[in-house]
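Only one structure is covered here, and it is reproduced in the block below.
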Amino acid sequence: MAGKALACVATALLLSPVLIAADDGDDLTARQLADQAKDNLLDAKSVHLKLTDRSTDTRTSTTQPTSMDLALDQHGNCVGSMEMGARGGSVEIVKQGDEVWMKPDADFWKAQVPGGQGDAVAELFKNRYIHGSTGDAMLKGMADTCDLTSFQKEVAGDEGGATALTKGDETTVGGAKVIPLKGTEDGKQEVLYVTSDAPHRLVKATQHGGGTDLTLTFTDYDEPVPTATPAADESVDVGKLQEELQNT
């Protein structure tokens, strides 16, 4: 669900691995900056990413995230939250190793569970995490969202067509000096903001036009993902949820 959407967003915003750019006389061309930024993202052991998606289709969907805030690493650990469109609610997620915790709000339950079951489940599990493993079908979609390695494979495997990039004037994003790399593909304007100083890293990417309105930011490269997990008295085994859905 959300994991696949995130990977699709990333490949769209990172453009293709065969970028074309003219040398404008600076130390590095737009292509060289983009290539280095992509390589550093693919090499990252962990990263904190934030997604904002105000695209037309996403805002009217209850199953696609309009915003995500996740710290995740190559071991599949993560902590963060996501919010769905069209009053689809929000959900907090924690994953350590093979264990997964997710805490949806009432709107999420009502959007994801059909009929009156949504109200009943929302009340029963109010303010508590559903706890299980990556082997539980109900938690697998959320668990996949936490897989930085899969995310990186999606980015690395993008075989899209060439997109011309040009360098903009140096600016700042989150206090970091960056160089905007601007391009247009399929009528959509795309901008990659890459740090001016080495190591050249992608800190922000945007895509606008044709009903698309995406922003993705990357911070905390190689910083450890928080390891705290919800307390036992804040959690309910996923089996209880399965039992409730069968009996409601």
Side-chain angles (χ1 to χ4, degrees), residues 1-13 46-53 55 57-115 117-122 124-155 157 214 216 225-226 229-230 234-246 248:
M1 186 182 64
K4 184 63 175 178
L6 180 59
C8 290
V9 168
T11 53
L13 292 176
S46 61
V47 71
H48 184 174
L49 62 85
K50 293 183 180 181
L51 163 73
T52 301
D53 187 351
S55 302
D57 291 344
T58 305
R59 286 188 285 107
T60 57
S61 170
T62 60
T63 61
Q64 295 298 323
T66 55
S67 67
M68 299 180 71
D69 186 337
L70 294 174
L72 65 167
D73 65 24
Q74 291 184 332
H75 298 293
N77 302 314
C78 84
V79 59
S81 62
M82 64 183 72
E83 185 171 343
M84 307 300 172
R87 293 184 59 82
S90 62
V91 57
E92 297 177 27
I93 181 170
V94 177
K95 181 174 178 290
Q96 282 289 316
D98 293 333
E99 292 189 272
V100 185
W101 293 259
M102 73 173 201
K103 184 167 73 171
D105 67 3
D107 285 339
F108 184 93
W109 284 125
K110 293 173 185 178
Q112 300 296 323
V113 181
Q117 284 183 305
D119 293 297
V121 170
L124 182 63
F125 299 108
K126 182 169 57 178
N127 297 324
R128 291 192 287 179
Y129 287 87
I130 302 301
H131 176 221
S133 75
T134 53
D136 295 308
M138 288 187 172
L139 298 176
K140 180 172 172 45
M142 287 295 172
D144 289 346
T145 304
C146 291
D147 192 343
L148 177 59
T149 299
S150 292
F151 172 89
Q152 291 167 324
K153 287 180 179 178
E154 289 284 348
V155 174
L214 297 170
L216 193 61
V225 172
T229 57
E234 297 179 306
S235 307
V236 179
D237 189 89
V238 67
K240 179 66 175 176
L241 172 60
Q242 294 166 337
E243 178 183 327
E244 179 65 23
L245 292 176
Q246 291 171 356
T248 303

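Side chains included, hydrogens not; waters and symmetry mates left out as well; all remaining heavy atoms used.
How far CG of Leu124 is from CG of Leu241: 8.5 Å, rounded to the nearest 0.5 Å. With rounding to the nearest 0.5 angstrom, the NZ atom of Lys103 is 6.0 Å from the CG atom of Asn127. Here the CE-CZ distance, from Met82 to Phe108, works out to 8.0 Å after rounding to the nearest 0.5 Å. One distance of note links CG of Asp69 with CD1 of Ile93; it measures 12.5 Å at 0.5 Å rounding.
Side chain of Asp73 to main chain of Gly76: a donor-acceptor pair is present (N/O by atom type, distance under 3.5 Å, no hydrogens or angles). At least one donor-acceptor pair under 3.5 Å links the side chain of Gln96 to the backbone N or O of Pro226. The backbone N or O of Gly97 lies less than 3.5 Å from a partner atom in the side chain of Lys95, making a donor-acceptor pair. Judged purely by atom type and a 3.5 angstrom limit, Thr149 uses its side chain to pair as donor or acceptor with the backbone of Gln74. Checking side-chain atoms of Asp136 against main-chain N and O of Met138 turns up no donor-acceptor pair under 3.5 Å. Remark: the backbone N or O of Glu83 is paired with a side-chain donor or acceptor of Thr66 at under 3.5 angstrom. A distance-only check finds no donor-acceptor pair linking the side chain of Ser55 to the backbone of Asp57 [under 3.5 Å]. Under the 3.5 Å distance criterion, the side-chain polar atoms of Asp105 are matched with a main-chain donor or acceptor of Ser90. Panel note: side chain Gln112, backbone Pro104; no donor-acceptor pair is recorded below 3.5 Å.
A salt bridge links Lys140 with Asp144: the closest approach of a Lys/Arg side-chain nitrogen to an acidic carboxylate oxygen falls below 4.0 angstrom.
At least one side-chain heavy atom of Met142 sits under 4.5 Å from a side-chain heavy atom of Met102. Leu72 places none of its side-chain heavy atoms less than 4.5 Å from the side chain of Asp147.
Taking the six-membered ring where the residue is Trp, Phe125 and Trp109 present tilted rings, their angle falling between 30° and 60°.
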Check against side-chain hydrogen bond (donor to acceptor under 3.5 Å, both in side chains), Thr58 and Asp53:
CA-CA 7 Å; Thr58 305; Asp53 187 351; 2.9 Å; yes

